[in-house]
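In each ligand, atom 1 is the first atom listed, and ligand 1 is the first ligand listed. The residues of the chain are indexed from 1 along the displayed sequence.
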Amino acid sequence: MVPADHLLNFYIDGHWVAPEAGGSQREIINPATGDVSGCLAFGTTADVNKAVQAAARAFNKYSAWPQSQRNELLQAICAEYQRRLAEMAEAITAEMGAPLETLSRQVQAPIGLWHFQTALAIARDFNFDRLQGTTRILREPVGVCALITPWNWPVNQIACKLAPALAVGCSVVLKPSQSAPYSAALMAEILHDAGVPAGVFNMVQGEGARLGEVLASHPQIDMVSLTGSNAAGASIAKAAADSAKRVSLELGGKSANIILPTADLEKAVTHGVTAMMGNTGQTCVAPSRMLVPQAQLAEVEDLAKRVCESLVVGDPRAPDTFIGPIANERQYLRVVAMIETGVTEGAHLVAGGTGKPAGCERGYFVKPTVFSRVHNQMTIAREEIFGPVLTILPYTSVDEAVDIANDSPYGLSGYVYGGTLEEAAVVARRLRTGMVHLNGANVDIAAPWGGYKQSGNGREWGEWGFDEFLETKAVLGAAGV
Ligand code: NAD
């Protein structure tokens with residue numbers, strides 16, 4: 001496990017250093033029990049300044065490394081990450097309650113490694129330098145980057161920014177979620193042991209509103225990349241505006257899952273409910289609005305109830321648990337309030353509801369909940385709940401289903417389940433979202449990740465992740481040189 005002093009210090013310029021004066025400390029809570037599991041230092045402006053200066057000093061040298069040298073470094077990071085994979089899974093379960101066996105070991109921990117492996121594969125072939133007529137087009141690292149990440153897929157979100165940033169030659173300051181400090185500290189240890197040069201990677205832990213503003217307005221930061229809530233995205237964009245720095249935002253979602261009249265209902269509903277409830281509903285692309293033909297509503301409700309009630313809720317360390325606790329108290333209170341809102345708005349409760357699941361009296365547990373006969377203006381259909389709460393909305397024609405799906409301030413992901421893939425693909429083209437999953441398709445680690453509308457403005461993952469961290473330079477009159 002991460003040593004206690006790595007949570008009370010920050011990783012700056014290749015060392016674990018004590019916080020500057022004026023910081024504070026907060027308890028780290030195990031969401032499965034409510035017990036204190038550790039203590040975390042919260043940094044100040046002075047800590048951020050120190051980290052930014054280290055990153056700025058390191059940038060010139062690191063960005064000038066030949067690509068082959070950076071690829072060797074990525075390879076070393078992959079090897080070190082692989083060696084500590086089991087520890088990473090334990091860290092994620094301890095900090096945010098993801099079920100250890102069914103989620104942390106299967107996806108939450110390895111997905112960070114997959115991003116580094118993908119970045120290495122892309123870096124080996126990426127075209128950083130090409131001639132267009134007599135002009136040479138160079139792709140160069142954008143500079144010193146601030147990475148601000150959430151707690152829900154903690155190491156995924158760190159790695160999907162960090163891997164391309166390091167691959168192309170940026171130096172970074174990471175401000176991870178204060179609700180997921182163990183995996184971030186372990187990531188810092190992995191990078192250190194893999195030989196990342198001093199100053200190329202730096203990490204300060206602490207409160208987002210305070211440190212985020214310092215990073216976003218800092219004159220030596222060239223780019224801020226945030227994954228988080230829309231409120232955090234708006235304040236980062238405002239703080240970054242005066243210095244015109246690049247801002248990449250990956251924000252919330254309220255993704256529609258259109259089940260077409262021709263779909264195999266049993267398969268479609270099973271996929272829809274399970275995908276919604278995975279990671280305890282705390283996934284930005286979760287299919288939280290299930291749109292179903294009015295004529296099949298009763299059958300869908302029966303199926304959804306059966307699937308929902310079959311999902312094992314409980315101790316994230318128990319081997320068969322599928323749904324663990326909500327990750328932290330703030331989020332728990334929000335999910336509880338949204339379930340109460342669904343009841344008071346008059347939605348039909350199909351499964352779950354208020355109160356804690358049996359046997360889960362301690363910790364931040366809620367019942368996986370399905371509301372039906374929801375209309376799209378209800379709060380539970382418009383706002384991101386970010387917990388295991390599914391809404392089912394009936395439609396009378398596919399055109400109406402598309403209209404309902406697109407009637408959202410968000411545009412992160414969409415899902416279409418049809419009798420044939422061809423039919424689903426036609427509907428996919430009509431959705432105003434950055435991703436669409438056909439007939440239960442899983443994520444693709446090399447595909448672009450990001451949203452339309454208020455779901456953000458960035459595209460991460462795969463080669464799109466490289467573009468995020470690159471500048472473009474035109475060298476004119478460069479034929480033959
Ligand atoms: P959050 O916005 O509270 O926190 C995210 C990060 O931003 C944390 O590090 C936090 O400390 C920091 N932060 C908070 N307020 C800030 C501010 N005013 N200025 C600067 N930084 C600030 O979000 P969360 O609760 O950690 O995560 C859940 C949210 O993240 C959901 O809305 C979810 O949809 C979104 N999310 C989006 C994606 C995506 O790829 N689009 C992926 C995962 C999560």
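- Selection from Ser229, Ala237, Gly253 by nearest heavy atom to atom 2 (O) of ligand 1 gives Ser229.
- Nearest protein heavy-atom neighbour of atom 18 (N) of ligand 1: Ser235 OG, 2.8 Å.
- For atom 4 (O) of ligand 1, no protein non-hydrogen atom is found at a distance below 4.0 Å.
- Considering backbone and side-chain atoms alike, Ser455 places every N or O at 3.5 Å or more from each N or O of ligand 1.
- Considering backbone and side-chain atoms alike, Ala232 places every N or O at 3.5 Å or more from each N or O of ligand 1.
- Residue-ligand proximity: Trp151 is placed with a non-hydrogen atom under 4.0 Å from ligand 1.
- Under the 3.5 Å distance criterion, with hydrogens and angles disregarded, a donor-acceptor pair is assigned to the side chains of Asn152 and Gln157.
- Nearest heavy atom pair, residue Asn9 against residue Val17, reads CB-O, 3.2 Å.
- At under 3.5 Å, a nitrogen or oxygen of Thr149, whether backbone or side chain, sits near a nitrogen or oxygen of ligand 1.
- Cation-pi geometry between Arg70 and Tyr62 is satisfied (NZ or CZ under 6.0 Å from the ring centre, within 45° of the ring normal).
- Considering only non-hydrogen atoms, atom 36 (N) of ligand 1 lies nearest to Cys284 out of Gly206, Ala239, Cys284.
- Nearest heavy-atom pair across Gly314 and Cys360 is CA-SG, 3.9 Å.
- Geometrically, ligand 1 and Arg330 share a nitrogen or oxygen pair separated by less than 3.5 Å.
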Taking it one step at a time, do Trp151 and Tyr182 satisfy ring-ring contact (aromatic ring centres under 6.0 Å, His included)? CA-CA 11 Å; Trp151 46 261; Tyr182 293 133; over 10 Å; no
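- The closest non-hydrogen atom to atom 44 (C) of ligand 1, taken over Asn152, Val224, Leu174, comes from Asn152.
- No side-chain donor-acceptor contact under 3.5 Å links Ser235 and Glu213.
- The shortest heavy-atom distance from Ser177 to ligand 1 is under 4.0 Å.
- Because its NZ or CZ atom is both nearer than 6.0 Å to the ring centre of Phe42 and within 45° of the ring axis, Arg26 counts as a cation-pi partner of that residue.
- Taking only nitrogen or oxygen atoms, main chain and side chain alike, Gln178 reaches within less than 3.5 Å of ligand 1.
- No N or O atom of Asn230 sits closer than 3.5 Å to an N or O atom of ligand 1.
- Among all protein heavy atoms, the one lying closest to atom 13 (N) of ligand 1 is Gly208 CA, 3.4 Å.
- Not a single heavy atom of Glu460 sits under 4.0 Å from any atom of ligand 1.
- With respect to Glu468 and Arg459, no salt bridge is recorded, no charged nitrogen being found less than 4.0 Å from a carboxylate O.
- Below 3.5 Å of separation, one finds no N or O of Gln331 facing any N or O of ligand 1.
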